[in-house]
Amino acid sequence: MKKKCFIIMTFWTIFVVVLGAYWYLQHLHHDSTMLLPSNSAKGASSISESAASVFFNSLKKYCNLPTSDSVFGFEGDFEESYDLLGVIIIFRHGDRGPLTTVNEKKKINCSSYITKSYKKLEKIVRTYRSETLAAKLLPRSDFCIPGVLSKQGASQLIELGNGFKELYAKHCNFSDSNIIKHLSANTTSYSRTIQSAYSFLFGLVGSKFLNVNLQKSGDVTFCSKYCQCEAANRFEKLHKVELNDLFKTDVSLANFSTQVQRILKNSEKPKKSILPTTLKDILLHYACHDEIPGCSVDESLCVNSTTIIPLDYYLHREATASSSGLNLKKAGILRAYGLLNTIDQQILSWINVSKKRKTKTIMHFPYFHIFSGHDLTLMYILASLGIYDGYLPQYASRLTFEVLSKRSQYYLRVLWNGFDVTQNICPSSQTYCNARFLATFIRFEMKRYFLTDDFLRACNL
Ligand SMILES: *[C@@H]1O[C@H](CO)[C@@H](O)[C@H](O)[C@H]1NC(C)=O
Ligand SMILES: *[C@@H]1O[C@H](CO)[C@@H](O)[C@H](O)[C@H]1NC(C)=O
Ligand SMILES: *[C@@H]1O[C@H](CO)[C@@H](O)[C@H](O)[C@H]1NC(C)=O
Ligand SMILES: *[C@@H]1O[C@H](CO)[C@@H](O)[C@H](O)[C@H]1NC(C)=O
Ligand SMILES: *[C@@H]1O[C@H](CO)[C@@H](O)[C@H](O)[C@H]1NC(C)=O
Ligand SMILES: *[C@@H]1O[C@H](CO)[C@@H](O)[C@H](O)[C@H]1NC(C)=O
């Protein structure tokens, strides 16, 4: 017994040592090759340079960099006794130029992580010979442009679409041209969401993607009839005030503002209050594209060993406050009200059609409906469902609703970025939610927080 144990221990020790050495070498390798930016500030001391690169590398976890490996997720992975009736996917657009610019003169190449599938799409689009169509479908520049999808961002959505094709391969043949009839899409009217939608559809159905009906909506929340809402504006403002107060009053957060000012040295932005999430958005512009801003006089950002801040800690504190914030939850319910109703109606109409279908025909395809939106689109709906962790969703994040059927009963399964969160949303159900759960849920939450299930009355309280 002892001997066996000793042998196991020895093997374990060797394993750990080998693993450690491997990790160490990997780290060194990373540090010396991938991480050093192509145009790192010349003359800066190597110590501060490596501290900055370690810092920027630590931010890469927020980039969701595109890879050609299959997308991780449990979509399509439900109990075999159920049939798939339809899928609704709400995703955030891919990598883009920053919304908050800081007097940036230097352009950053945002095409370092484009995938093979992206090149394929580019090639197909080139055969259309129409400049206007090409400009509508794909990013034009290798460089980041404020608010515009990058080629890296298009790659993320193509890979996501491709991933869904694989995840649902058991339930649906996306090579069959009949799938187009069961595929529909809404997008907000920004070029980054339109191009993200096309990219996703290309990943899903290949060159048939242009045949899909893509409908534009005016609002980032897909609110349809339920857009104007004074109370939602008010609750959202209160939430921001709450966060700003937290960063002013909590001792461990009190230095954040001065630290931000040292990083954003020339910009007008630091004068206004800025939250960790905004700073993250600015820094991701560099981190996701293997760039590190130097600290020279003409640069507007300075991240070196003296200015590095514990951003992860600040983000964590902001996230904790946001995920439990009652004001954000209330704003979320009102902002997501229209979309949740739309989704419920979509589910209802699929169920109606399914009930009318007398026999199982051979041509039996599940429906797919996509919403190409923003981090806020997802934030509101996650907050309303009580599953928002407080971190703004990464590029190409996705919320998936699967409508399932079993012996003429209908069910709803919900996944957030590939993980089944059904039990978090309707904990009292056996395995999946009732298919019409969302309708019941919205009414219940409206009554609970606004003492009325009438949208207009809740908005004018
Ligand atoms: C941007 O980077 C990619 C990948 O490193 C490279 O192929 C491309 O030529 C670069 N574009 C420009 C305009 O420098
Ligand atoms: C999927 O559809 C295509 C085109 O109709 C067909 O060639 C292929 O055999 C089908 N694949 C499966 C697994 O049924
Ligand atoms: C989504 O698009 C469909 C057509 O595909 C349209 O009828 C519907 O109004 C749109 N929904 C929203 C919420 O924009
Ligand atoms: C905040 O800054 C002050 C003055 O620069 C410093 O003494 C203090 O230790 C800092 N607090 C934290 C929590 O970093
Ligand atoms: C970091 O940059 C600032 C501003 O340019 C400079 O004052 C400071 O000395 C730098 N620190 C290091 C360790 O290089
Ligand atoms: C579904 O069917 C029910 C009952 O037949 C009907 O009241 C409802 O309007 C239909 N809804 C949709 C979205 O088709």
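Just so you know, ligand 1 is whichever comes first in the structure, and atom 1 is the first atom listed for that ligand. In what follows, residues are counted from 1 in the order of the sequence shown.
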Student: With Asn186 as reference, evaluate Lys216, Gln215, His369 under the side chain to side chain donor-acceptor pair (under 3.5 Å) test and give the passing residue.
Tutor: His369
Student: In the protein, what heavy atom is nearest to atom 5 (O) of ligand 1, and what distance, to one decimal place, separates them?
Tutor: Ser112 CA, 4.4 Å
Student: Specify the protein heavy atom at minimum distance from atom 13 (C) of ligand 3: its residue, its atom name, and the distance to 0.1 Å.
Tutor: Phe222 O, 3.9 Å
Student: Do the two ring centres, one from Phe419 and one from Phe72, sit under 6.0 Å apart?
Tutor: yes
Student: Considering only protein heavy atoms, which is closest to atom 1 (C) of ligand 1, and at what distance to one decimal place?
Tutor: Asn109 ND2, 1.5 Å
Student: Within 45° of the six-membered ring axis of Tyr190 and under 6.0 Å from that ring's centre, is NZ or CZ of Arg192 located there?
Tutor: yes
Student: Would Lys181 count as a cation-pi partner of Phe365, with NZ or CZ less than 6.0 Å from the six-membered ring centre and within 45° of the ring normal?
Tutor: no
Student: Heavy-atom distances under 4.0 Å decide this one: backbone, side chain, both or neither, for Cys302 against ligand 5?
Tutor: side chain
Student: Counting the benzene-type ring for Trp, do Tyr168 and Phe368 have ring centres under 6.0 Å apart?
Tutor: yes
Student: Distance under 4.0 Å to a non-hydrogen atom of Asn213: what atoms of ligand 3 satisfy this?
Tutor: 5 (O)
Student: When you measure from the centre of the six-membered ring of Phe143, is the NZ or CZ of Lys107 under 6.0 Å away and within 45° of the axis?
Tutor: yes
Student: Can you check atom 11 (N) of ligand 3: any protein non-hydrogen atom closer than 4.0 Å?
Tutor: yes
Student: Identify the protein heavy atom lying closest to atom 8 (C) of ligand 1, giving its residue, its atom name and the separation to 0.1 Å.
Tutor: Asp142 OD2, 3.5 Å
Student: Given the side-chain rings of Phe200 and Phe164, with only the six-membered ring counted for Trp, is the space between their centroids under 6.0 Å?
Tutor: yes
Student: Does the side chain of Pro310 come within less than 4.5 Å of Gln259's, by heavy atoms?
Tutor: yes
Student: Relative to the heavy atoms of Phe143, which atoms of ligand 1 are at a distance of less than 4.0 Å?
Tutor: 13 (C)
Student: Just which atoms of ligand 5 are under 4.0 Å from any heavy atom in Ser305?
Tutor: 13 (C)
Student: Between Arg398 and Phe91, is NZ or CZ placed under 6.0 angstrom from the six-membered ring centre and within 45° of the ring axis?
Tutor: no
Student: Identify, by atom number and element, the atoms of ligand 3 in contact range of Ser217, meaning under 4.0 Å from any of its heavy atoms.
Tutor: 12 (C), 14 (O)
Student: Any idea which of Gln346, Gln345, Gln215 brings a heavy atom closest to atom 4 (C) of ligand 3?
Tutor: Gln215
Student: Would Asp281 and Arg96 pass as an ion pair if we require N to O under 4.0 Å?
Tutor: yes
Student: Using a strict cut-off of 4.0 Å, indicate which atoms of ligand 5 neighbour a heavy atom of Asn304.
Tutor: 1 (C), 2 (O), 3 (C), 8 (C), 10 (C), 11 (N), 12 (C), 14 (O)
Student: Quick check on contacts: which atoms of ligand 5 are under 4.0 angstrom from a heavy atom of Cys295?
Tutor: 2 (O), 5 (O)
Student: I want to know if ligand 3 touches His369 in the polar sense, i.e. an N/O pair below 3.5 angstrom.
Tutor: no
Student: Does any N/O atom on Ser224 come nearer than 3.5 Å to any N/O atom on ligand 3?
Tutor: no
Student: With a cut-off of 4.0 Å, which atoms of ligand 1 are near a heavy atom of Ser111?
Tutor: 3 (C), 4 (C)
Student: How does Leu339 reach ligand 3, by side chain, by backbone, by both or by neither, if only non-hydrogen atoms under 4.0 Å count?
Tutor: neither
Student: Measuring centre to centre across the rings, with the benzene-like ring taken for any Trp, is Phe78 within less than 6.0 Å of His171?
Tutor: yes
Student: Looking at Asn186, which atoms of ligand 3 are within less than 4.0 Å of one of its heavy atoms?
Tutor: 1 (C), 2 (O), 3 (C), 8 (C), 10 (C), 11 (N), 12 (C), 14 (O)
